[in-house]
> 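Right, I'll just put the structure down here and ask away after.
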There are 2 protein chains.
Amino acid sequence: MTEGAVQPRRTRQRSAIASLISATDSFQSAQEIHHLLRSTGEVIGLSTVYRTLQSLAEAGEIDVVINADGESVYRGCGQGRGLHYHLVCRICGHAVEVAADTIDRWVRSIAREHRFSDAVASLTVFGICRACASAT
Amino acid sequence: MTEGAVQPRRTRQRSAIASLISATDSFQSAQEIHHLLRSTGEVIGLSTVYRTLQSLAEAGEIDVVINADGESVYRGCGQGRGLHYHLVCRICGHAVEVAADTIDRWVRSIAREHRFSDAVASLTVFGICRACASAT
DNA sequence: AGACTAATGGGAATGGTTATCATTAGCGTG
DNA sequence: CACGCTAATGATAACCATTCCCATTAGTCT
């Protein structure tokens, strides 16, 4: 009993979610993902979508961001690339991953200055991407 | 008709909320604020609390942060001090305002690099404050 | 094949937030 | 001060994302 965590079972639903997510490059809510899967003929329950997204997020296989409406939105990420933040278009949802170095240094120095420990930043930059800006 | 915005009426409820908020230095949810006011004998409806907090936030008189559960939490801020972010203790809720200069510069450069316009950062740093860390 | 149990999914429950609308009460005017 | 206009209030219902419940289904190991 060295490896406490057993890997999840391979189910049709779990791989459907994983492949849909890895095929998109913008953040989507659980509901949107559920709709998309349904519209492609996939038979899957909403509960399953929520559960699976959560477990994928905990496993670090996808990113979660809480948007301005307080909803959790998910997106696939290049794993193993370390911590990073996002630059998200508030019109089309297009998202870019941004290296965390600068911010992490800043967070650490701010935390040290105020004697906070265990500091983690929740950071997302919302803006308007080139395409949407010119499509006015 | 130069000044489109009329100032809100002075009501008992609005000042109760404003004074409670300015007397606290940690973020609180609308529900918590409602409870507190009720427990001090104030007669006030939940709807009013939500509405007033929103209008105060839009007016820039208080800060809003969406916490990890997707709830909106509010706190008074020193107005006129310009944009700033928060360092929040995830145990006791104690919050410190942090100047935004460094981050703003970073946000602008990231946005420029990826050709995003109108970029605004949503940033909150969660950690554990000195007091809570030593009260283990 | 059989057993064990994680995973599923439909529906109900939760909980924060917003909408509705009749009533109340600021506040400027005559 | 009395009057009127309408913003503000607040009880309640509606909303909606998310979680819970639990009987059923289906991976995975032997």
> Taking the nucleotide of DNA chain C with the closest heavy atom to each, which residue, B:Arg10 or B:Gly70, is nearer the 5' end?
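Nearest-nucleotide comparison on DNA chain C picks B:Gly70.
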> Could you tell me the boundaries of the chain A footprint on DNA chain D, defined by atoms under 4.0 Å from its heavy atoms?
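From 5' to 3', the first and last contacting nucleotides are D:dA17 to D:dT28.
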> May I have all residue pairs that pass salt bridge (Lys or Arg N to Asp or Glu O under 4.0 Å) and include part of residues 6-29 of chain A, sequence neighbours excluded?
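Listed once each, the pairs are A:Arg12-A:Glu42.
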> Between which nucleotides of DNA chain C, 5' to 3', does chain A make heavy-atom contacts below 4.0 Å?
C:dT5 to C:dG11
> Take A:Leu87 and B:Ile110 through the side chain to side chain contact (heavy atoms under 4.5 Å, CB included) test and state the conclusion after the steps.
CA-CA 8 Å; A:Leu87 175 57; B:Ile110 288 293; 3.9 Å; yes
> Can you check side chain to side chain contact (heavy atoms under 4.5 Å, CB included) on A:Arg75 and A:Glu97, steps first, answer last?
CA-CA 11 Å; A:Arg75 197 188 88 147; A:Glu97 289 181 6; 2.9 Å; yes
> Only distances under 3.5 Å count here; give the side-chain donor-acceptor pairs of residues 28-37 of chain B to other protein atoms, sequence neighbours excluded, each with its distance to 0.1 Å.
{"from": "B:Ser29", "atom 1": "OG", "to": "B:Glu32", "atom 2": "N", "distance (Å)": "3.2"}
{"from": "B:Gln31", "atom 1": "NE2", "to": "B:Tyr50", "atom 2": "OH", "distance (Å)": "3.0"}
{"from": "B:Glu32", "atom 1": "OE1", "to": "B:Ser29", "atom 2": "N", "distance (Å)": "2.9"}
{"from": "B:His34", "atom 1": "NE2", "to": "B:Ile44", "atom 2": "O", "distance (Å)": "3.1"}

> Base, sugar-phosphate, or nothing for B:Arg9, non-hydrogen atoms under 4.0 angstrom?
base
> Among residues at least two apart in sequence or on other chains, which ones pass side-chain hydrogen bond (donor to acceptor under 3.5 Å, both in side chains) with A:Tyr74?
none
> Is it possible for you to say whether A:Val65 and A:Ile62 belong to one hydrophobic cluster, with membership spreading through side-chain heavy-atom contacts below 4.5 Å?
no
> Counting only heavy atoms and a strict 4.0 angstrom limit, can you tell me which residues of residues 21-35 of chain A come near DNA chain D?
A:Gln31
> Run through B:Ile66, B:Asn67, B:Asp69 and flag the one making a side chain to side chain contact (heavy atoms under 4.5 Å, CB included) with A:Ile66.
B:Ile66
> Looking at residues at least two apart in the chain, or sitting in another chain, which of them share a ring-ring contact (aromatic ring centres under 6.0 Å, His included) with B:His86?
B:Phe27, B:His84
> Side-chain heavy atoms nearer than 4.5 Å, only ILVMFWY residues, links allowed to pass through others: does that put B:Val96 and A:Val107 together?
yes
> Tell me the ring pair (Phe, Tyr, Trp, His ring centres under 6.0 Å) pairs involving residues 115-136 of chain A, sequence neighbours left out?
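Matches after skipping sequence neighbours: none remain.
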> List in numerical order all residues of residues 42-51 of chain A for which some heavy atom is under 4.0 Å away from an atom belonging to DNA chain D.
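When residues 42-51 of chain A is checked for heavy atoms under 4.0 Å from DNA chain D, the hits, listed by number, are A:Leu46, A:Ser47, A:Tyr50.
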> Looking at A:Arg38, I'd like to know if its CZ atom is crowded, meaning that more than 12 non-hydrogen atoms belonging to other residues, nucleotides or ligands lie closer than 6.0 Å.
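More than 12 within 6.0 Å, yes.
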> Apply the test side chain to side chain contact (heavy atoms under 4.5 Å, CB included) to residues B:Glu113 and A:Val98: give CA-CA distance (whole Å), side-chain angles for both, the deciding distance (0.1 Å), then the verdict.
CA-CA 11 Å; B:Glu113 181 182 330; A:Val98 173; over 6 Å; no
> Quick one: bend of the helix from C:dA1-D:dT30 to C:dG30-D:dC1 from 5 pairs per end, to 10°?
30°
> Quick one: list whatever passes ring-ring contact (aromatic ring centres under 6.0 Å, His included) with A:His114, sequence neighbours left out.
none
> What residue among A:Asp104, A:Thr102, A:Thr124 forms side-chain hydrogen bond (donor to acceptor under 3.5 Å, both in side chains) with A:Tyr85?
A:Asp104
> Can you sort out the partners of A:Ser122 under side-chain hydrogen bond (donor to acceptor under 3.5 Å, both in side chains), two or more places apart, ordered by chain and number?
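In terms of side-chain hydrogen bond (donor to acceptor under 3.5 Å, both in side chains), with neighbours along the sequence ignored, A:Ser122 is linked to no residue.
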